[in-house]
Amino acid sequence: MKKLLSAVLLTASLCAQAQNPFVQTWCTSDPAPMVHDGTMYVYTGHDEDGADFFWMQEWRIYSTTDMVNWTDHGSPLALESFTWADDRAWASQCVERDGRFYWYICAHSKISRGMAIGVAVSDSPTGPFHDALGKPLYEDGKWDHIDPTVYIEPSEDGNGQAWLMWGNPQIYYLKLNRDMISYEGEVGLMPMTEEAFGSPAMNQREKDKQYKDSYVEGPWLMKAPQPAVAKGKVSKRKAKVASKYYLLYAAGGVPEHISYSTAPSPTGPWTYTGQIMPLSDTKSFTNHCGVADYKGHSYFFYHTGKLPGGGGFGRSVAVEEFQYNADGTFPTILPTDEGVKPLETFNPYSRVEAETMAFSRGVKVEQNEQIGVYVTDIHNGDYIKLQNVDLGSAAPRSFSARVASGLRGGQIEVRADSVRGKLLATLSVPGTGGWEQWQTLKASFSASMTGSHDIYLCFRGRKGPKLFNFDWWKMEN
């Protein structure tokens with residue numbers, strides 16, 4: 001019994017330290033980061049709980065300004081957003097141009113009965129989004145039109161060429177027009193050669209020959225990082241590196257690792273460069289990556305199957321910080337449970353959406369037109385953690401929250417540094433008369449604390465039933 005208790009406590013301790021996967025409320029997949037106006041956004045897929053295939057119905061959005069506390073913006077885009085789509089809301093990517101946001105998706109088409117590339121548009125990075133065309137941007141009835149990646153070449157006048165690529169087990173590409181919802185010329189097909197991707201196309205491989213690698217799916221197109229400037233000049237070698245394009249992709253078959261190739265232009269010729277994330281114990285037989293620089297740091301996003309009950313069809317987005325090699329190439333990046341460090345402190349003195357969290361246990365999120373996104377499925381023993389919360393030099397005096405409960409309610413315990421840490425405040429939640437009958441309640445702090453701490457919102461109540469819904473919270477001093 002003592003060994004069992006020790007194992008349970010150790011698991012709880014490890015979970016308390018983990019930041020990966022950085023979304024725990026749902027299974028999420030195929031992360032596509034985008035930085036806009038000082039905020040990091042990540043667009044993901046959503047694997048259904050308990051799925052036995054990639055039965056995916058919607059796409060989701062998460063954002064952060066400190067890389068550890070993530071806000072769930074719900075699902076502003078789903079299969080129902082596209083009248084032509086009926087199944088398989090698979091990998092996607094969003095990009096901004098001229099103040100509008102273009103979200104490129106793939107889904108199964110009612111029209112061609114194959115997979116198709118679509119595009120939705122919005123005036124906000126979090127939506128609402130709507131189908132920009134009312135039909136697929138591209139389809140021809142084949143099944144390999146999946147996993148779009150989009151990239152706009154940088155230019156001083158803002159007229160850089162936009163490229164769209166996708167495909168499994170070969171790469172299609174096209175030149176998008178400035179409107180981002182139409183394209184110029186014919187769809188191209190990338191030469192799948194051993195030099196370019198470590199092996200030729202499957203139907204061209206020699207029997208019993210061992211190849212270095214193989215492209216599978218999930219392309220991510222990007223420009224090589226700008227080289228460091230020394231004494232006001234850039235060496236010819238580094239300038240040459242900076243002119244390159246990188247194409248990252250899931251490789252090797254099943255299970256997948258992440259590799260990349262380089263080229264002087266988005267259309268090639270591509271040269272296989274090596275692995276970035278080798279095969280690791282991610283609990284998922286697929287992988288899908290995205291890369292973004294944010295506030296002077298470089299981040300590599302990918303997915304695992306490490307949530308409880310997760311796996312190959314229940315994936316979870318994760319992130320690692322890395323530094324490029326001196327020549328601009330990628331280092332080897334290994335998955336961790338710890339994730340990344342916070343870039344700044346978190347402010348608890350303005351309204352905080354309950355669906356903002358660094359880590360959680362047990363809870364889910366839902367959304368409706370009245371409230372938007374809120375936390376639900378709260379049971380005794382569940383919790384939400386926020387990391388690196390700045391309580392300031394004057395200790396908070398009260399804690400307010402907007403909650404709703406059908407019958408029995410419960411309590412929110414505000415604790416510092418762990419689920420068993422110092423108890424700062426306890427907010428009693430009564431039955432409010434319905435799961436959407438919201439009340440704003442306030443509790444005084446019973447203990448004083450200042451400085452930066454991890455804050456845990458621990459939920460207590462009768463064992464078994466759902467306790468209450470949770471919309472937002474705020475501290476005051």
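In this chain, numbering begins with 1 at the start of the sequence shown. None of the values given here were measured: they were computed from a predicted structure.
A cation-pi contact, defined as under 6.0 Å to the ring centre and within 45° of the axis, links Lys223 to Tyr245.
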Next item on the list: Under the side chain to side chain donor-acceptor pair (under 3.5 Å) rule, what do Glu320 and Asn20 come out as? Steps first, then yes or no, please.
Entry: CA-CA 9 Å; Glu320 307 295 342; Asn20 273 333; 3.1 Å; yes
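Each of Trp59, Trp103, Phe301 was evaluated against Tyr43; a single residue qualifies, Trp103, per the ring pair (Phe, Tyr, Trp, His ring centres under 6.0 Å) test.
The structure places CG of Leu424 at 13.0 Å from OG of Ser444, a figure rounded to the nearest 0.5 Å.
There is no side-chain donor-acceptor pair under 3.5 Å between Thr345 and Asn388. At a cut-off of 3.5 Å, with distance as the only test, a side-chain donor of Ser109 or Glu139 sits close to an acceptor on the other residue. When only modelled atom types and interatomic distance are considered, Trp70 and Glu355 share no side-chain donor-acceptor pair under 3.5 Å. His145 and Trp166 share a donor-acceptor pair across their side chains, judged by distance under 3.5 Å alone.
With sequence neighbours left out, the side chain to side chain donor-acceptor pair (under 3.5 Å) criterion links Asn69 to Asp66. Scanning for side chain to side chain donor-acceptor pair (under 3.5 Å) contacts around Ser360 gives Gln24, with sequence neighbours left out.
Other residues, nucleotides and ligands contribute only 12 or fewer heavy atoms inside 6.0 Å of the NZ atom of Lys283. Within a 6.0 Å sphere centred on NZ of Lys110, heavy atoms belonging to other residues, nucleotides or ligands number more than 12.
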